[in-house]
Amino acid sequence: MVSKARSEGVGAAATTSATVRELLDLTDEELLAVDGPDQGVVSLPYLDRIDDEDAREMARSTALRVLFARGLLRFSRAAVDAAGRAPAPGERTVEVAADLADILAIRRAPEGLLAAQRLAGAPSGPEALMRYVHRSGDLVLIEDVSSSGIHRFATAEIEALPELMQTFLQAAPDPTPGAAGEDSSWPPEVVPHRDGAALLAGVHIIAEIVVRLDDTPVSHTHTAYVYPHVAYLGPAPLSDPRAARLARRDPAGLGEWAAALLTGPQRGRRESSA
């Protein structure tokens, strides 16, 4: 099924004209059940709040049953193995549904990974919204993760990545005259956040982006401070903003900037000259 990106839920700041193929929604517990505790850089926000190992194991066991109930896993009669050994009476194997198998295959060995964490203002304080982009050839697997531990998966052609990242990073238009960042040549005063990160006064979105390519074991971290009318980019994590090194950019180009971090400078140059 090909459709527009969903407008509700985590990771979709606005609808997009880019076509994506929606796959599955999986919980932290279901991913733990089918792929083990090592999820790499992908966050498991619900399970991270459960310290008791017995409780985590109970959650995993329950999720495994749910996966069978959803038809994503199923038992089948064991076949003759490569050595010609016939299955024992009652022996069964587990089959994985095609969409789930595709998700697991790309997540386990991507050619590149972009992990974006967005802090959006909320009455109770900033809420973390996470988007993981797993690259596989000309395809990207989008994994949006909510603070409640729901992982929403979809695939898209890599050409759609700039627009998909733009909807994730852009701030909503602010009709207020003189809104923060509209006319300023430098961001407002940097103020400390209670969690030790740094927030710019009046900023709409802060995003931390970590990129890892398959041929480079080192991760590179970037930070974007986004207003409705201007954005500031820095090559450092939130805990070390290095405000003096922030670069001013038009917010309309944030998607292309983020996509180029994953696809490489050659693609970035082609897009900027198009």
field: Test log, rule side-chain contact (heavy atoms from CB on, under 4.5 Å), inputs Leu64 and Leu73
entry: CA-CA 8 Å; Leu64 192 61; Leu73 299 178; 3.7 Å; yes
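- Note that CD of Glu22 is 12.5 Å distant from CD1 of Ile142, once rounded to the nearest 0.5 Å.
- If you run side chain to side chain contact (heavy atoms under 4.5 Å, CB included) between Met130 and each of Val42, Val145, Val41, only Val145 comes through.
- Annotation: the span from Thr221 atom OG1 to Arg212 atom CZ amounts to 9.5 Å, rounded to 0.5 Å.
- Looking only at distances, no side-chain donor or acceptor of Gln170 sits under 3.5 Å from a matching main-chain atom of Ala252.
- With contacts defined as side-chain heavy-atom distances shorter than 4.5 Å, the pair Leu141/Leu23 qualifies.
- Without hydrogens or angle criteria, Arg135 side chain to Gly137 main chain gives a donor-acceptor distance under 3.5 Å.
- Counting only distance, with no hydrogens or angles, the side chain of Arg248 and the backbone of Val230 share no donor-acceptor pair below 3.5 Å.
- Residues Leu261 and Val210 fall into different hydrophobic clusters, defined by Ile, Leu, Val, Met, Phe, Trp and Tyr side chains chained together at heavy-atom separations under 4.5 Å.
- To the nearest 0.5 Å, atom CZ of residue Arg108 and atom CD1 of residue Ile103 are 11.5 Å apart.
- Within the 4.5 Å cutoff, side-chain heavy atoms of Leu233 are placed close to those of Leu254.
- Counting only distance, with no hydrogens or angles, the side chain of Glu256 and the backbone of Gly253 share no donor-acceptor pair below 3.5 Å.
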message: Set out, in order, the CA-CA distance, both residues' side-chain angles and the distance that settles side-chain contact (heavy atoms from CB on, under 4.5 Å) for Leu129 and Gln117, then state yes or no.
response: CA-CA 6 Å; Leu129 304 179; Gln117 178 177 353; over 6 Å; no
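- Side chains of Tyr132 and Gln39 form no contact here, defined as non-hydrogen atoms less than 4.5 Å apart.
- Taking CG of Asp28 as the reference point, atom OG of Ser43 lies at 7.0 Å (rounded to 0.5 Å).
- Between Trp257 and Ile209 the shortest side-chain heavy-atom distance falls below 4.5 Å.
- Heavy-atom contacts from other residues, nucleotides or ligands closer than 6.0 Å to CZ of Arg70 number more than 12.
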- request: Determine, step by step, whether Thr93 and Phe75 satisfy the side-chain contact (heavy atoms from CB on, under 4.5 Å) criterion, reporting the C-alpha distance in whole Å, the side-chain angles of both residues, the deciding distance to 0.1 Å, and the verdict.
  value: CA-CA 6 Å; Thr93 60; Phe75 286 115; over 6 Å; no
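- Going from atom OH of Tyr227 over to atom OH of Tyr232 covers 6.5 Å, rounded to the nearest 0.5 Å.
- Leu32 forms part of a hydrophobic cluster together with Leu44, Tyr46, Leu47, Ile50, judged by ILVMFWY side-chain heavy-atom separations under 4.5 Å.
- Around the CG atom of Asp38, the shell of radius 6.0 Å holds no more than 12 heavy atoms that belong to other residues, nucleotides or ligands.
- The side-chain heavy atoms of Ile158 and Thr263, taken from C-beta on, include a pair separated by under 4.5 Å.
- Within the 3.5 Å criterion, the main-chain N or O of Glu30 finds a donor-acceptor partner in the side chain of Thr27.
- A heavy-atom distance below 4.5 Å is not found between the side chains of Val66 and Leu72.
- Under a hydrophobic-cluster definition in which Ile, Leu, Val, Met, Phe, Trp and Tyr are linked whenever side-chain heavy atoms come within less than 4.5 Å, directly or via other members, Leu26 and Met58 are assigned to different clusters.
- Residues Gly71 and Ala97 approach most closely at O-CB, 4.0 Å, considering heavy atoms.
- Formation of a donor-acceptor pair under 3.5 Å by the Thr167 side chain with backbone atoms of Leu164 is found in this model.
- In this structure, the side chains of Leu262 and Leu213 come closer than 4.5 Å at one or more pairs of heavy atoms.
- Summarising the geometry of Pro45 relative to Ser147, their closest heavy-atom pair is CB-O, 3.6 Å, with the distance given to 0.1 Å.
- Leu114 CG to His222 NE2: the interatomic distance, rounded to the nearest 0.5 Å, is 8.5 Å.
- No side-chain donor-acceptor contact under 3.5 Å links Arg21 and Thr155.
- The shortest side-chain heavy-atom distance between Arg131 and Met165 falls under the 4.5 Å cut-off.
- Of all the heavy atoms in Pro251 and Ala231, the pair that sits closest is CG-N, 3.9 Å.
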